[in-house]
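First the structure, in the form of structure tokens, and then the observations on it.
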Amino acid sequence: MTGLPGGAAVPKPRRAGGAKPPAARAPRGGRRNLQGWLFSTPFLVLFGVFMLFPIVATLWMSFTDFGVRDVRRPLGAQFVGLDNYVKLFGDETFRTALFNTASFVVAGVPLTVVLGLLVALLLNNGIDRARTFFRVGFYAPVVTSIVAVAVVWRFVLDPSDGLVAGLAAELGVKAPDFLGSPTWAMPSLILMAVWRNLGTVMVLFIAGLQAIPTQVREAARLDGAGAWHELRRITVPLLRPTLLYATVITTIGYLNVFEEPFVMTQGGPSNATLTVSLDMYREGFNFFHMGYASAMAYVLFVVIMGVTVLQLRLLKDNTR
């Protein structure tokens with residue numbers, strides 16, 4: 001109560017409905033956090049059991065001589081420190097696999113990204129009829145089983161009865177043994193991988209192209225910009241975030257390439273198509289050198305992280 005002249009008292013204002021001030025209400029932050037953790041518990045359990053635990057276990061195995069004899073008693077594996085990593089870089093087979101993987105990335109990533117951008121431009125602007133049909137056609141290899149893809153490509157590249165051999169015979173030349181020659185095996189797998197992964201990059205670029213405001217292109221055309229200048233000065237700069245994302249995920253996928261050489265060539269001929277992932281599979285599941293294969297896995301992990309960070313830093317300022 002506050003006093004007024006004449007001794008009258010004015011009552012303090014009260015909140016409508018007699019509600020308590022906010023400070024007096026019971027806090028709900030803790031309850032909401034508890035509910036959030038409860039809803040997240042199934043995911044956390046699955047992530048811990050099937051992701052986090054294998055990652056930590058693999059790191060521990062890379063410092064041991066873990067083999068098939070240690071499957072029943074994992075903690076009985078002998079600790080060898082950095083011997084697996086030292087042996088790794090002295091292994092000629094691993095160096096060959098590392099070189100083949102690098103070749104796969106250097107040749108495959110630019111081809112996939114550039115061709116994906118060209119196809120996306122054609123499907124977004126150049127083709128008006130049956131546009132959906134072509135989009136589905138280019139994306140179909142992405143969702144097709146690698147076994148089916150291998151059957152098709154074996155028929156195409158067969159040196160005696162294949163499609164390429166038949167076309168070469170019509171021209172009066174003999175087609176090489178694409179999958180049996182150390183010279184042609186890796187380029188053949190690279191082309192197969194580009195064909196198979198083109199659809200993913202195409203979809204990303206189509207989404208990026210459709211996000212570019214049409215007013216920008218119309219203004220450029222009114223200023224007299226041709227198709228090449230529009231592509232170089234407007235489309236590509238505005239597509240840099242999409243270009244970065246497509247490049248990063250394609251690079252990671254090609255650094256982990258396994259299915260194509262495993263199904264088509266088994267790493268041959270003469271290890272010409274042996275990749276790090278395939279070499280890791282051999283050491284771990286054919287020769288049961290689990291500790292050595294785990295060391296390979298972490299070397300590949302470090303390479304992927306390094307290449308990804310380098311790509312992000314090189315293109316970071318252009319994606320703002």
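Atom set for the values below is all heavy atoms of this structure, side chains included, hydrogens, waters and symmetry mates excluded. If you're wondering where the values come from, they're calculated on a predicted model, not measured in any experiment.
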Exercise: identify the closest heavy-atom pair between Ser277 and Asn256: OG-O, 3.3 Å

Using the benzene-type ring in the case of Trp, are the ring centres of Tyr298 and Tyr85 under 6.0 Å apart? no

Other hydrophobic cluster members with Met51, side-chain heavy atoms of Ile/Leu/Val/Met/Phe/Trp/Tyr under 4.5 Å, chained? Trp37, Phe43, Leu44, Phe47, Leu52, Val56

Closest non-hydrogen contact found for Ala120 with Phe205 is CB-CB, 3.5 Å

To the nearest 0.5 Å, how far apart are OG1 in Thr101 and CG in Leu278? 9.0 Å

Of all heavy-atom pairs linking Phe104 and Ala193, the shortest is CZ-CB, 3.5 Å

What heavy-atom pair brings Asn84 and Met61 nearest, and what distance separates the two atoms? ND2-O, 4.2 Å

Do Leu209 and Thr235 make a side-chain contact, defined as non-hydrogen atoms from C-beta onward lying under 4.5 Å apart? yes

Taking all non-hydrogen atoms of both residues, which atom of Thr273 and which atom of Ala185 are closest, and how far apart? CG2-CB, 3.6 Å

Can you tell me if CH2 on Trp184 sees more than 12 non-hydrogen neighbours from other groups inside 6.0 Å? no

Listing, residues 161-179 side-chain donor-acceptor contacts under 3.5 Å, not counting sequence neighbours, or none:
| from | atom 1 | to | atom 2 | distance (Å) |
| --- | --- | --- | --- | --- |
| Asp177 | OD1 | Gly180 | N | 3.2 |

Transitively linked via ILVMFWY side-chain contacts under 4.5 Å: Val149 with Val136? no

